[in-house]
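Okay, so here's the structure we're looking at.
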Amino acid sequence: MEDRLARLETVQAMLLGIGHLSASCTDVTEFIGAVHRALGRIMYAENFYVTLAEREDDTVRFVYFADSRDEGPSPDERVRLASPDESPTAWVMLNKQPLTMTGDEMRERETGMVWGKGSLAEHWMGCPLLDQQHEVLGAIVIQSYQPEHTYSEEDQALFALIANHVSNALQGLQSMDRLERAVQERTRALAREVAERRRAEQVQHALYQIADLSAAALEPDVLAASLHGIIGELMMAKNFIIALTHPDTGEISIPYFADEKDGEAPQKRFPFGMGMVSYVLQTKQAQLHDAGSFARLHAAGKVKHPLGSTDIASWIGAPMLVHDKAYGVLVVQSYDPTVVYTKADLDLLAFISSHVAVAIARMQSDRAIRKAKERLEQQNAALEQALHQLQEAQSELVRKEKLASLGQMVAGVAHEINTPLGICVTATSHLVQELKLTREELAAGAMTEDSLNAFFDIVDQSLRIMTTNTQRAAALVRSFKQVAVDQSSDDIRSFNLGTYLNEVLLSLQPKLKGRPIEVAVDCPKDLVLESFPGAVSQIVTNMVVNSLMHGFERDQRGHITVHAALDGDHVVFEYADDGAGMDAETLAKLFDPFFTTKRGSGGSGLGGHILYNLATNVLGGSLRVESSPGQGLRYHLRFPRKTARPVLKAA
């Protein structure tokens with residue numbers, strides 16, 4: 001009786017200890033070990049184990065395994081959960097019921113197949129570990145290999161009671177364990193995420209640096225060294241090569257070479273097809289190799305004429321491509337067996353290479369644009385100089401054209417003046433002779449009334465002839481003087497348009513003389529302009545001369561009409577002839593400088609050009625022209641009645 005009471009006290013202390021352990025212990029294996037030690041104080045427990053179920057994949061873990069004969073799996077190893085017919089532990093867990101079996105019963109159960117693993121026990125006792133929802137947590141098992149150590153019904157009841165307390169404790173411990181594992185997993189995930197973000201930031205920073213390099217217009221060696229430093233921040237890159245393609249010559253150059261074994265590149269420039277870089281360019285694929293795969297490529301003839309040391313531990317090369325156009329290859333290699341590049345390193349180098357290719361393409365494009373800009377600036381300077389010379393030549397030609405026109409006018413006016421002056425000289429000579437004869441007659445006393453009256457008639461007739469012709473000469477001189485002064489002057493003045501048109505036409509009389517051309521002017525008598533009379537004179541002169549030269553043959557009859565009217569503050573000026581006219585192609589070139597259909601026959605090709613510039617620039621008006629073959633030529637000119645005077649700026 002005393003022994004039984006002491007055992008109950010021990011059981012009670014054990015159950016209290018289990019409660020305390022569940023509150024203070026955080027490790028499941030440590031907790032089960034403490035339970036094992038306490039269980040050994042109340043019954044035989046040399047062979048004891050606990051399994052826990054992993055519900056997500058139908059496996060179990062033997063978190064605690066103590067056995068005098070067999071060695072159990074690792075606490076972290078997951079073992080497939082057997083069927084109830086294959087294992088007593090599985091039977092307990094899946095049926096959620098305790099099971100006690102003797103050795104004989106277990107031997108009887110093994111009919112054709114082994115029931116469970118490990119050595120056969122003389123007495124086996126297992127209880128399920130269930131949570132509050134009656135879901136299985138695992139199993140707790142105790143067994144004996146010795147016939148003298150068996151478990152009574154009281155032992156079985158105590159073991160079931162202990163299993164219940166262990167189940168309650170395990171729920172809390174497993175929750176803590178799951179939470180701890182979740183925290184650890186989340187911590188690892190966060191660490192991976194932080195590492196990935198840090199890696200992404202490094203890559204992004206590298207891309208920014210590459211973009212800055214492309215915009216900095218650095219020298220090639222400085223650019224390559226900077227690029228080496230950027231890639232060296234992302235991976236181990238003690239041995240680094242930049243190879244560039246030259247499609248125009250079919251060659252590959254090595255502008256940058258850093259290697260632990262070779263002081264300088266074996267060849268600075270070589271034909272396409274040599275070395276590993278040629279293989280990368282040919283495949284247009286990033287390559288990851290070691291010494292073995294490199295040797296196989298060489299043996300297969302895919303890599304011809306290897307360049308540099310072949311004693312490599314790891315080698316990666318990536319083509320620099322933009323829209324399938326290869327600009328070169330980036331190569332990173334290692335001679336150290338502890339430094340081996342991975343697929344992730346290869347993908348990173350390929351990613352960097354594509355951005356380097358874009359940067360190189362941008363730099364080449366910028367360089368080409370700068371050269372084109374320099375050539376364009378040189379061409380522009382040459383064109384500006386040629387244009388300046390052309391403008392000077394054109395101005396000189398225009399000046400000569402004006403002088404030639406004025407010279408022709410002078411010659412014509414001089415010819416016209418000679419006629420009345422010659423008549424006056426003849427009349428004067430005749431009058432002098434008659435006066436001499438009259439004096440001689442008077443001295444001889446032979447003067448009669450009839451002879452005196454005849455002398456008076458001769459004097460009167462001579463004076464009338466002299467008066468008429470001197471007035472005609474004076475009118476010619478006055479008209480020529482005004483028109484000549486206006487054509488050589490750029491001043492604005494007020495003038496009557498109708499009167500001025502008549503003066504211009506009078507100055508053109510020598511050109512019209514002898515030509516069967518009738519000129520009619522229709523202009524209001526009170527139309528007064530405040531403008532450039534020289535421009536008006538030159539315009540009318542060029543129109544008339546153009547008609548005489550191109551519109552009419554020498555003896556062809558024709559008509560020229562000039563009509564002017566006031567429309568608000570503008571003058572509408574229309575000129576027309578009924579001459580030969582011109583086709584559309586010739587009409588389109590009428591105002592082009594140096595265009596003429598009479599070259600070699602007195603045409604300079606500047607008359608129409610000067611006319612257009614005077615009408616649109618000097619008078620500030622608009623000019624259009626109409627013509628067709630056989631229908632004559634018509635000018636339509638519209639310009640302000642008052643032209644603004646230029647504002648003089650103080651020096």
Side-chain angles (χ1 to χ4, degrees), residues 21-36 49-66 71-82 93 129-133 135-140 166-209 230-238 286 288 290 313-314 316 318 332 334 336-355:
L21 281 172
S22 66
S24 60
C25 187
T26 58
D27 185 81
V28 174
T29 302
E30 181 182 346
F31 168 73
I32 299 299
V35 171
H36 182 206
Y49 65 86
V50 172
T51 63
L52 295 181
E54 299 292 341
R55 297 174 183 173
E56 65 272 11
D57 59 357
D58 290 329
T59 60
V60 295
R61 289 189 300 122
F62 288 80
V63 295
Y64 187 88
F65 193 92
E71 182 177 354
S74 169
D76 295 325
E77 181 182 353
R78 295 193 177 195
V79 181
R80 181 186 65 85
L81 179 61
M93 292 178 63
L129 301 174
L130 305 175
D131 60 15
Q132 294 178 352
Q133 286 75 35
E135 295 293 331
V136 65
L137 298 173
I140 183 170
V166 170
S167 296
N168 293 334
L170 278 177
Q171 289 183 72
L173 285 173
Q174 275 197 318
S175 297
M176 291 293 295
D177 182 58
R178 289 194 184 97
L179 179 61
E180 185 175 354
R181 279 191 290 169
V183 169
Q184 291 175 351
E185 182 63 28
R186 180 57 180 163
T187 301
R188 286 192 292 270
L190 288 174
R192 288 194 299 270
E193 184 177 346
V194 169
E196 290 174 357
R197 288 187 178 181
R198 184 178 295 112
R199 185 71 164 177
E201 290 175 355
Q202 290 176 334
V203 172
Q204 188 67 40
H205 180 64
L207 297 182
Y208 284 141
Q209 288 179 302
I230 293 170
I231 294 178
E233 294 177 359
L234 300 176
M235 65 179 70
M236 182 65 70
K238 290 183 178 180
L288 171 61
D290 54 20
S314 189
I316 53 176
V332 178
S334 167
D336 187 352
T338 63
V339 179
V340 177
Y341 300 111
T342 64
K343 180 65 167 54
D345 295 324
L346 181 66
D347 293 340
L348 177 59
L349 186 63
F351 182 68
I352 294 296
S353 294
S354 64
H355 285 77

Evaluation steps, side-chain contact (heavy atoms from CB on, under 4.5 Å), between Phe31 and Val166: CA-CA 9 Å; Phe31 168 73; Val166 170; 4.3 Å; yes
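Side-chain contact between Ile352 and Leu234 is present, with heavy atoms from C-beta onward closer than 4.5 Å. Looking at heavy atoms from C-beta onward, Leu170 lies in side-chain contact with Ile32 at the 4.5 angstrom threshold.
By the side chain to side chain donor-acceptor pair (under 3.5 Å) test, Ser74 pairs with no residue at all, sequence neighbours left out. Looking at residues two or more places apart in sequence or on another chain, you find no side chain to side chain donor-acceptor pair (under 3.5 Å) involving Tyr341.
Taking all atoms of both residues into account, the shortest heavy-atom contact from Lys343 to Leu288 is N-CD2, 4.1 Å. Among all heavy-atom pairs drawn from Val332 and Met236, the shortest one is CG1-O, 3.5 Å. Minimum heavy-atom separation, Leu129 to Thr51: CD1-O, 4.4 Å. Between Ala313 and Asp290, the shortest heavy-atom contact is O-CB, 3.5 Å. Closest approach of Pro75 and Val63 over heavy atoms only: CB-O, 4.0 Å. Across every non-hydrogen atom of Ala66 and His36, the tightest pair is CB-CE1, 3.7 Å.
In this structure a side-chain-to-backbone donor-acceptor pair under 3.5 Å is missing from Arg61 to Pro73. Listed for the Asp345 side chain is a donor-acceptor partner under 3.5 Å among the backbone atoms of Thr342.
In this structure, CD1 in Ile316 is found 4.5 Å from CG in Leu349, a value given to the nearest 0.5 Å.
Evaluated for a side-chain contact (heavy atoms from CB on, under 4.5 Å) with Met93, the options Val60, Leu52, Leu137, Leu130 yield exactly one hit, Val60.
We find that Arg78 and Asp57 are joined by a salt bridge, their nearest charged nitrogen and carboxylate oxygen being less than 4.0 Å apart.
Counting non-hydrogen atoms of neighbouring residues, nucleotides and ligands closer than 6.0 angstrom, the CD atom of Gln132 reaches no more than 12 such neighbours.
Under the 6.0 Å cut-off for aromatic ring centres, Tyr49 and Tyr64 do not qualify, their centroids lying 6.0 Å or more apart.
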